[in-house]
S.K.: 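My structure is below; once you've seen it, I'll send some questions.
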Amino acid sequence: MRGRIIVRKKPELLDPEGDTIRAALARLGFDDVEQVRVAKVFEVDLPDGGRAVAEARLQDMAEQLLQNPVMEDATVEIDP
Amino acid sequence: MSRLSQLTDTDVVDIAAAEEAGLSDMEFARAQKILGRVPNKVELGCIASMWSEHCSYKSSRVHLKKLPSEGPRVVQGPGENAGIIDIGDGLGVCFKVESHNHPSFIEPFQGSATGVGGILRDVFTMGARPIALGNLLRFGAAHHEKTPRLFDGVVRGIGHYGNCFGAPTSYTDVAFANAFNGNILVNAFALGIVPLDGIFLGTASGVGNPIFYVGAKTGRDGIHGATMASDAFSDDEELERPTVQVGDPFREKLLLEACLECFATDALVGIQDMGAAGLTSSTFEMASRAGGGVHIDLDKVPTREAGMSAYEKMLSESQERMVLVAHKGKEQVVRDIFAKWELDCVEIGRVTDDGMVVLEQGGQEVARVPARPLADEAPKYDRPCHPATMSLKRDERVADMQADNVKGFITRLMPQPDVASRRFVLEQFDRHVGASTLVDGMHSPAAVHDVVDSPADKAVSLCLVARDDLCAIEPSSGALRTVQEAYLRICAVGHEPIGVSDCLNHGNPQNPEQMNAFVEVIEGLAQACGDLSVPVVSGNVSLYNETDGRSIWPTPTIAMVGLGRGAPAMTVAPGDAVVLFGAWPERLEGAFGLRLYGKLTDRTMFADWAHGEVLRTGRAMREAVAAGQVARLWPMVPGGVGRMAIELFDGIAHGLEVVVPKLAPGPLAAEDRPVGLGIAPQATVEALTRQHPDVQVVGKVLEEGRLRFVDGTDEVTFERADLARRDEAWARIVAGVR
C-alpha cells in the first residue's frame, strides 16, 4: 500500500519560499492569489498490513525523521 | 484565576495573569501605580515585556554602569541600537555583539540565522552599511548527544543568513564544554561603517510626525520571545515547543538598501528595529527617548494572518521589520523608496505630546500607557551575591603536565576543537563577499576589513574572545584575561584597539553565586577596559542561561574593534626569523593545556594583571606589524606558545624551528605572560630587535614543511601531515563520533 506524509511549516511561521512564488505568480497575471505555502510530500510504499498500522508508522517516521517538530506539522494519508 | 490565553485584549487582568506574563507581585503593584488602575491584557503584555530581564536589564543595570564607556573617539555609547566610534575622515565604525542563545537551542538553524539578522538590523538602523560579521559559539561537550545537531544547525544558520544577505562572516570562535550541554551560546557580531553626519537614532520626536511600519508583515511567530529569554529552561519546557521565527535574509537585504536610501534623504526623524518584544519595545523606546508619546492604529499593521489580536501584534517577534518616524510632509518620499524595494510601508500612527503610548484596534482604544515612567520606573534590582564555595587549591594537573613531554603535549593539543583550526567552520561562511575582507580569521588572530571609499588604506579589525574556562574558576581574573587576549589579537594585526562591545552570558541572577560571578566579571572587565583605554560602547546581557538548575560557565564575550592602515604583510620566506615579543611564559596555573590533563574542581589563582606589560607588548607588536617588520604574528591565546607556533605553521607553506628554553611542556603551555610569536623578514629583523629590546629571535623559517621545537640538546618534530589532526576534530563532532 502507498502512504503519503505531508510536512508543512506551521501556519504561524513565515514562508519566504511561498512568498516568492506568490510574487512570481502575480507577475504572470495570477494576481488574485492571496497566499502560497510550500509543503513537502513523501510517498512511502509499505507492505499491506492494515490501514491503522500504516498510518501509525507513517506518523512515527514523520516525528522521528521527516518533520522538524519545532517548526513543522505533519499529516499522513493512505491511498484507498 | 484567569489564564492569559482566555482573556480578550481589553479584559482587565488579575494577579495570576500578571504572574503568568512574568511580573512579580511587586512589579504588578508598581504597574498599577503607574497606570493608576489595573491594566488590561494588552497593557500587561507591553509592561511585562518592557520589564522583562531581556528588555529592562533589571538585574544588571546597577552593575553595567561600572564599565567605562567614554573616550575621545566615542560618538555613540551604550543605550542606542549599536555603538559608534570615530575613525577619522568623517567616518565612524558602528558595531555590536548580541546573544541569541535560547532561540538557537530550540531551533539551531533559524535561531542562529535570525540572531545574525537582528544584529545586522541593529547596525544598519544607525545609518551604517554592514561590512563584517563575526560570532562566538559555545556548545556542550563534543561527545554529548545534542552537540552534533546543534553545532551543524547553528553553523549552517549563520552561514545562510550572512551569505544570502551579502555581508562577509570573517571571524569565529568556537569551543565546547559540558557546562553548555543544556544551554548553548550563540553570540553574533556585526560591524558597519557610517558617515558621522548621517547617524540615525531611535527617537520619535516632533508632534504630528507620521510613524511608519516598514519591512515584512507581522505573524504569530516568536510571541513572548523576550520573556522566554528571561527565564531558565527546564527539560519539560523543551517539550512545549515554543514557536520560533523564520528569517528571510533576502528581504533583510532589501530592507537595508531601502533604509540607507531613506537615510540619504531629509525625510527621516528616527528609526528603530523591531527586535525582542517587537512593536512594543520599538514604540515604547522611541517615545520615551524623545520624551513624548505615540498614537498607533493597530488595524494598519500589515499581518500575515487574519484575526490577530492587539496583544499578538504588539508581542510578535516576526523578523525583518522596523518602525520609522518621518518628517510631516515627507510621507510620499518614504513610501516611494519602500515601494521601489518591494517592502511594506504603512503609516500606523503619529507622534503626540501627551507622553502616552496609545494603541487602537477596531476603532476602540485597547491600551493607554505612559511611555517615560514605564522606562524610568522599570524595576531595578541589586541582587544578593556571595562567592562560590570553592576552596583555593593547588592545581594537581600541573604536575601531570610537567611529567609529560613536548611530543605528548602537542599531540594532545592539536585535535582539541577549542584550539583546532577554524577552517571547518569558516569555510561554511562567505568570508569575502563585498570585497572588504583583507584578512579573515582562518589563519589570523583577528579579521581585517578595508574601509572602502575612505582616503588612504584605512582598515578596521575585529575579534571575539571569551575565556569562560577561566571565568568558571575565577570570574574577575578570567574577565581580565579575556580583554587582554582580545586587545593583543588586535595589536597583532598592527591595529590600535579602539572599542569594545560586550555580551555577558550568565546563569540565573537570583542565584547569589551566579550573581556574584556576574558582578566579579563586570569588575574585571571594567578594570581591564579602563587600564587599556578601550571604551565599551555597546553590548547585551543574557541571563538565566541554565537548565534544570545547572548554570553555564560565566561567559563574558568581548568583541574588540581595531583601527589601522591595511593588514599585516603576510609573506614569509625560508630564513626569516621567528621572534618572541616579551619573555617566555612560565607559570602553568590557568593554562588551557591543563584541561588536557583532567578536570579542575576548585578555585586556583592564575596570573596577576600586569596591564603595563600588556600595553607595552601590545604597542610593540602594533608598531612592528604596521611598519612591516613582522609579517605574521600571534598573541598569547589558549594553548600557549605551543598553539601560537602551530597557528603560524598552519598559515604558511614552509616550516618553523622554535628554540625553547627547555624542551618540556611548560614554556609551550604556560599562558601567564602577554607575549607574541611572529615571523620577521630577514631584511627587517635587525631593525626590529634594535627598536624593540623586548623582542628576541627564537628560531627561523625552514624550507621544508616541518614544525620543530629544539633546545640546546634535543628536538621534537611535527610534519605538515600532523596538522590534519586539527581538522579531524570537526568531522568527529559532526558525525557524532565519541
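Quick note on labels: first sequence line is chain A, next is B, and so on, each numbered from 1.
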S.K.: When rounded to the nearest 0.5 angstrom, what is the spacing between CG in A:N68 and CD in B:E107?
M.R.: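 Between A:N68 CG and B:E107 CD, I get 4.5 Å after rounding to 0.5 Å.
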
S.K.: Is it the case that over 12 heavy atoms from other parts of the model lie below 6.0 angstrom from the CZ atom of B:R156?
M.R.: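 Atom CZ in B:R156 is crowded, with more than 12 foreign heavy atoms closer than 6.0 Å.
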
S.K.: Would the number of heavy atoms belonging to other residues, nucleotides or ligands and lying under 6.0 Å from CD of A:E43 be above 12?
M.R.: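 Atom CD in A:E43 is packed in, count exceeds 12.
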
S.K.: Side chain from CB out, backbone as N, CA, C, O: work out which of these in B:Q319 comes under 4.5 Å of a heavy atom of chain A, or both, or neither.
M.R.: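 When you check distances to chain A, no heavy atom of B:Q319 falls under 4.5 Å.
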
S.K.: With heavy-atom distances below 4.5 Å as the criterion, would you say the side chains of B:S318 and A:L14 are in contact?
M.R.: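 A side-chain contact is absent here, since even the closest heavy-atom pair is not under 4.5 Å.
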
S.K.: What are the two closest heavy atoms between B:G247 and A:P16, and how far apart are they?
M.R.: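 Heavy atoms of B:G247 and A:P16 come nearest at O-CG, 3.9 Å.
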
S.K.: When you look at B:Q110 and A:V70, which way does the side-chain contact (heavy atoms from CB on, under 4.5 Å) test go after all the steps?
M.R.: CA-CA 11 Å; B:Q110 290 296 345; A:V70 175; over 6 Å; no

S.K.: Within the supplied structure, the quantity of interest is the number of heavy atoms (other residues, nucleotides, ligands) at a distance under 6.0 Å from A:E17 CD; does it exceed 12?
M.R.: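 No, because the 6.0 Å sphere around CD of A:E17 holds 12 heavy atoms or fewer from other groups.
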
S.K.: When rounded to the nearest 0.5 angstrom, what is the spacing between NZ in A:K10 and CZ in B:R220?
M.R.: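 CZ of B:R220 is found 14.0 Å from NZ of A:K10.
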
S.K.: Looking at B:R304 and A:D15, does any basic side-chain N land under 4.0 Å from a carboxylate oxygen?
M.R.: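 Salt bridge flag = no for A:D15 with B:R304.
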
S.K.: Quick check for you: to the nearest 0.5 Å, what is the distance between A:M71 atom CE and B:I106 atom CD1?
M.R.: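 A:M71 atom CE to B:I106 atom CD1 measures 12.0 Å (nearest 0.5 Å).
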
S.K.: Do B:Q245 and A:L13 come within less than 4.5 Å of each other through their side chains, counting heavy atoms only?
M.R.: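 Not in contact.
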
